[in-house]
Amino acid sequence: MLGRVNHIALAVPDLESAAVRYRETLGATVTEPDTLPEHGVRVVFVELENTKVELLAPYGEGSPIAAFLEKNPSGGMHHICYEVADILHARDALVAGGARVLGDGNPKIGAHGKPVLFLHPKDFFGTLIELEQV
Ligand code: CO
């Protein structure tokens, strides 16, 4: 079912200073900030040769990142995103296997304009998993 790691997402309290740190201290290529109101986040991507790191900061009321940052004020790893070829097929197989899909169970359009969904971290050893159809 799983393809490549599409990205690893890190929650950060301040997107601009995190982008500067990755760009200047680590010498990485970092995209311009993008706001995703339907996901309650602002994001930049650190572009690496083999994958991407997504830096996530809260946006708006009820952001899913806000509670995470309350528990981890300096930031931390928030989720890992795996690629799948067919997200609805993957979802149906996961649900049949007892995994829980967050939200209403239907894919949303993610930061790359492709369908994504999230799997409950308690079903995957404490790590939130994002699936992205590529
Ligand atoms: Co993500």
Side-chain angles (χ1 to χ4, degrees):
M1 181 187 300
L2 297 183
R4 293 154 44 108
V5 172
N6 183 275
H7 59 270
I8 295 158
L10 310 180
V12 299
D14 180 335
L15 193 64
E16 277 65 29
S17 64
V20 166
R21 176 60 61 91
Y22 267 80
R23 194 178 286 128
E24 296 185 1
T25 308
L26 295 172
T29 300
V30 182
T31 61
E32 289 305 310
D34 202 4
T35 302
L36 304 175
E38 69 279 22
H39 294 278
V41 295
R42 296 177 65 236
V43 303
V44 297
F45 284 95
V46 180
E47 297 178 332
L48 304 171
E49 271 183 42
N50 59 344
T51 191
K52 296 180 284 280
V53 172
E54 179 182 42
L55 304 180
L56 286 171
Y59 177 80
E61 295 297 313
S63 169
I65 308 302
F68 183 93
L69 285 170
E70 266 170 43
K71 286 183 220 147
N72 307 275
S74 54
M77 185 178 150
H78 186 264
H79 65 266
I80 184 164
C81 177
Y82 298 114
E83 297 180 351
V84 295
D86 181 335
I87 202 164
L88 294 177
H89 184 266
R91 176 197 64 189
D92 293 346
L94 284 158
V95 170
R100 287 168 286 178
V101 176
L102 299 188
D104 67 6
N106 292 311
K108 286 188 186 179
I109 298 302
H112 310 108
K114 302 200 171 136
V116 300
L117 49 78
F118 288 89
L119 305 175
H120 201 297
K122 288 203 172 135
D123 295 336
F124 294 96
F125 320 104
T127 300
L128 177 62
I129 291 179
E130 178 179 18
L131 299 179
E132 179 173 307
Q133 180 172 293
V134 293

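None of these values were measured; they are calculated from a predicted model. All ligand and atom numbering here is 1-based and tracks the order in the structure. Quick note: residue numbers are just sequence positions, from 1.
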Relative to each other, are the rings of His112 and Phe45 parallel, tilted or perpendicular (30° and 60° limits)? tilted

For a distance under 2.8 Å, tell me if His79 has an N/O/S atom near the Co ion (ligand 1). yes

Name of the Glu54 atom (N/O/S only) found closest to the Co ion (ligand 1): OE1

For Phe68 and Gly75, work out which heavy atoms get closest and say how close. CE2-C, 4.4 Å

Using the side chain to side chain donor-acceptor pair (under 3.5 Å) definition, which of the options Glu130, Glu83, Glu47 pairs with His7? Glu130

Proximal heteroatom of Glu130 relative to the Co ion (ligand 1) (N/O/S): OE1

Closest heavy-atom pair and its distance - Ile65, Leu56: CD1-CD1, 3.7 Å

Does any N, O or S atom of His7, backbone or side chain, fall under 2.8 Å from the Co ion (ligand 1)? yes

Heavy-atom closest pair, residues Leu117 and Gly105: CD2-O, 4.2 Å

From Glu132, does some N, O or S atom reach closer than 2.8 Å to the Co ion (ligand 1)? no

